[in-house]
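Following: one structure in structure tokens, then a few remarks.
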Amino acid sequence: MATDTNTLQAIISHAKEYGFIFPSSEIYDGLQAVYDYGQMGSELKKNIKDAWWKSMTQLQDNIVGIDAAIFMHPTTWKASGHVDNFNDPMIDNKDSKKRYRVDHLIEGHAEQLKADGKEKESEDLLAAMDALIAKDDFAGLKDLIDSNKIKCAISGTCNWTDIRQFNLMFSTEFGSTASSDDADNKIYLRPETAQGIFVNFLNVQKTGRMKIPFGIAQIGKAFRNEIVARQFIFRMREFEQMEMQFFIRPGTQDEWYEFWKAERLKWHLSLGLPAEKYRYHDHVKLAHYAKAACDIEFEFPIGFKELEGIHSRGDFDLSQHQEYSKKKQQYFDNDVDPATGKPYGNYIPYVIETSIGLDRMFLAVMSNAYMEQDLSTAEKQDSRVVLKFPAKLAPIKMAVLPLTKKDGLPEIAAGIINSCKSSFRCFYEEKDSIGKRYRRMDALGTPFCVTVDHQTKEDNTVTIRYRDSMEQERIPIDKLKEVVLQAIE
RNA sequence: GCGGAAGUAGCUCACCCGGUAGAGCGACAGCUUCCCAAGCUGUAGGUAGCGAGUUCGAGUCUCGUCUUCCGCUCCA
């Protein structure tokens, strides 16, 4: 029996062997926690994206999409809280190997001083710390720790490393010439796509004449330095999010929060993923922007892990942007409030966010689809690896296989492909025995294999073989497109 | 970041006490094949992660370095 870890290992190997996912820059020994999607993976990923986009925009009456730039004005990240909340200086004790956030370490010591009745010293210490943190003076902070003889609670020693900063966000140079002041040119790669939606809230609302409640959806890359970058594409430095911010009237947040919680789970189940692999996980400890938050967790080979988050963000983001930009982020609501008989008037909308990691969704689909099957009979040992993707998501929808590569069979197969390839992705293969070709298609997750044989020449019928059951039936060539299209609808 | 393990062909691995690299699968080109992998022939593919040391000689021993995996730690 394979352990969970082995299963993830098997999926990683399979993903590489069949062109789904390659480690980034592999010929240079790779780049930690960065991966490339290959010829099969990019198709699967695109199909997941399309399914999400369609369900969140086209099938909704009041949600539109945008595609905001990855680069954003630096003040965006001050407003969002990313600059202050996720740039914590850290320090390690060399003896206990324990890592601390510097502010936590000093605050702990200050509390101790206070408990010992040395209130003045405690306050001085905190004031000194705040001043140094504000200046990013790490050497000064280190001196502060040393001069106060702050000890590690575990080792009891003062044997500290230098202070290092944990940078959540990647920064880069903006503009083609160096400035005399580097800070002027520093710009971040967005750590989440949500802010691209918030800063465009009024643009979309006004130009699209959107009425609350309405949503803005976006798919795009985001970048984060991870402290522990492992677990394959579950945690990557460059990743892709599919987010939707739903703008609502204050006071209605609870019902909309529940609505989107339910609605998003429905989407997952509509793709044919099993309900027992899903569960909700409500957050007890909330992030700085959240009023309520839950995760939709999926049972990956590494256990139940966050796949999607539903957050009730209140008016935090728009209020912050209003404050930092000095531009009103308000909506005028003409609807009549039954309680007062007057319009609701001007307000900053509340927001419910749904945010799913595209790469995590990819891994969820992949790990759910991956199966090693034992097909042995009394006479013969046999097995296959099959990816049971929902047909809608499969990279290749239909393979067309001439039983032999002569007698005009390849020509008939080519004709079938030509008539179908504008509707869905087809694949042609004439090499090797038919059984081998079926198994290769199983390994890629192709739901339908069509085989052209000699009978085809007589009556224009082919066999269609179903991936999951491995059963086949004979149908007319001109029914093929319909069968496949129906399955991927 | 710490501890442990491992890096040889696309993949899985072999090479016993150091003597200038091999198998299976896979790939490719043919042959065969009328429906579920492992039939036949042939071909390609490796300066053994990288660097240094010991040695007449290093995939094999030593050190360093990089990468990966496992555990711990950290984490929005």
Side-chain angles (χ1 to χ4, degrees), chain A residues 3-6 8-10 12-14 16-19 22-33 80-82 84-88 90-101 104 154 161-162 164 166-169 191-192 194 222 224-232 235 283 285-290 293 295 302 306 309 311 355 373-377 380-386 399 401-407 409 430-443 449-458 462-467 469-474:
Chain A
T3 66
D4 288 350
T5 316
N6 285 344
L8 182 63
Q9 279 314 311
I12 293 170
S13 300
H14 191 86
K16 187 183 165 197
E17 187 171 356
Y18 288 92
F22 308 121
S24 160
S25 322
E26 201 185 4
I27 62 169
Y28 296 109
D29 289 329
L31 189 61
Q32 202 180 39
S80 71
H82 285 83
D84 291 333
N85 284 295
F86 303 113
N87 283 320
D88 306 315
M90 320 269 254
I91 192 165
D92 294 0
N93 184 272
K94 288 179 188 168
D95 300 310
S96 66
K97 311 297 184 193
K98 176 84 180 150
R99 173 173 293 173
Y100 295 88
R101 271 174 57 172
H104 288 178
I154 294 172
T161 62
D162 283 341
R164 280 169 295 194
F166 167 60
N167 292 310
L168 172 92
M169 293 191 285
E192 63 174 24
R224 294 181 195 182
N225 269 310
E226 300 287 354
I227 288 182
V228 173
R230 275 191 207 170
Q231 296 173 318
F232 196 40
R235 197 159 266 204
H283 287 206
K285 210 178 120 193
L286 296 171
H288 64 275
Y289 52 76
D295 295 337
I302 48 178
E306 178 187 356
H311 293 174
S355 172
Q373 292 184 324
D374 185 358
L375 303 172
S376 298
T377 58
K380 189 181 167 201
Q381 261 209 333
D382 196 5
S383 67
R384 70 165 178 166
V385 173
V386 57
L401 318 168
L403 199 52
T404 67
K405 53 182 148 181
K406 53 188 180 190
D407 302 331
L409 269 38
E430 62 179 30
K431 198 177 150 46
D432 292 315
S433 74
I434 191 70
K436 212 167 191 171
R437 281 179 273 168
Y438 285 155
R439 297 304 169 85
R440 267 204 289 262
M441 286 301 110
D442 289 342
C449 286
V450 168
T451 304
V452 177
D453 58 19
H454 284 77
Q455 191 183 327
T456 308
K457 292 200 286 188
E458 278 148 36
V462 288
T463 59
I464 182 163
R465 180 258 195 193
Y466 303 104
R467 177 195 63 203
S469 65
M470 299 173 71
E471 280 165 4
Q472 47 193 159
E473 56 185 315
R474 184 162 279 277

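Given the structure is predicted, the values throughout are model-derived calculations rather than measurements.
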Taking the side chain of [X] as its heavy atoms from C-beta onward, which of [options] lies nearest to it?
X: A:R474; options: B:C35, B:C69, B:U33; answer: B:C35
X: A:D382; options: B:C34, B:C36, B:A37; answer: B:A37
X: A:T404; options: B:A38, B:U32, B:C34; answer: B:C34
X: A:H454; options: B:A76, B:A38, B:C34; answer: B:C34
X: A:M470; options: B:C34, B:C36, B:A76; answer: B:C36
X: A:R235; options: B:A37, B:C35, B:C75; answer: B:C75

What does [X] touch in the nucleic acid at a heavy-atom separation under 4.0 angstrom: a base, only the sugar-phosphate, or nothing?
X: A:I434; answer: sugar-phosphate
X: A:S383; answer: base
X: A:Q472; answer: base

Secondary-structure string, 5' to 3', Watson-Crick or G-U under 3.5 Å, | for another-strand partners, for RNA chain B:
(((((((..((((.....[..)))).(((((.......))))).....(((((..]....))))))))))))....

Identify the residue among A:T404, A:L409, A:T463 that makes a side chain to side chain contact (heavy atoms under 4.5 Å, CB included) with A:V452.
A:L409

Counterpart residues, side chain to side chain contact (heavy atoms under 4.5 Å, CB included), relative to A:K405 (two or more places apart):
A:P410, A:E430

Just jot down the side chain to side chain contact (heavy atoms under 4.5 Å, CB included) partners of A:A194, sequence neighbours excluded, or say none.
A:E192, A:F198, A:E243, A:Q245, A:R313, A:E353

Which residues satisfy the ring-ring contact (aromatic ring centres under 6.0 Å, His included) test with A:Y466, sequence neighbours excluded?
A:F448

Residues two or more places apart in sequence or in another chain: which of them pass side-chain hydrogen bond (donor to acceptor under 3.5 Å, both in side chains) with A:D295?
A:H283

Are A:L375 and A:M470 side-chain neighbours, meaning at least one heavy-atom pair lies under 4.5 Å?
yes

Please report the distance separating the P of B:A58 from the corresponding atom of B:C2, rounded so that it comes out in whole Å.
33 Å

With C1' as the reference atom in both, quote the distance from B:G51 to B:G59 in angstrom, rounded to an integer.
15 Å

Could you pull out the protein-nucleic contacts involving nucleotides 24-28 of chain B (nitrogen or oxygen on both sides, under 3.5 Å)?
unit_1 : atom_1 : unit_2 : atom_2 : d
B:A27  : OP1    : A:R440 : NH1    : 2.8

A:R439 with A:D382: basic N within carboxylate O range, under 4.0 Å
yes

Is a salt bridge present between A:D432 and A:R440, judged by a nitrogen-to-oxygen distance below 4.0 Å?
yes

The residue, A:K16 or A:V462, whose nearest nucleotide of RNA chain B is more 5′ is A:K16

To the nearest Å, give me how far apart CG (A:D453) and P (B:C36) are.
12 Å

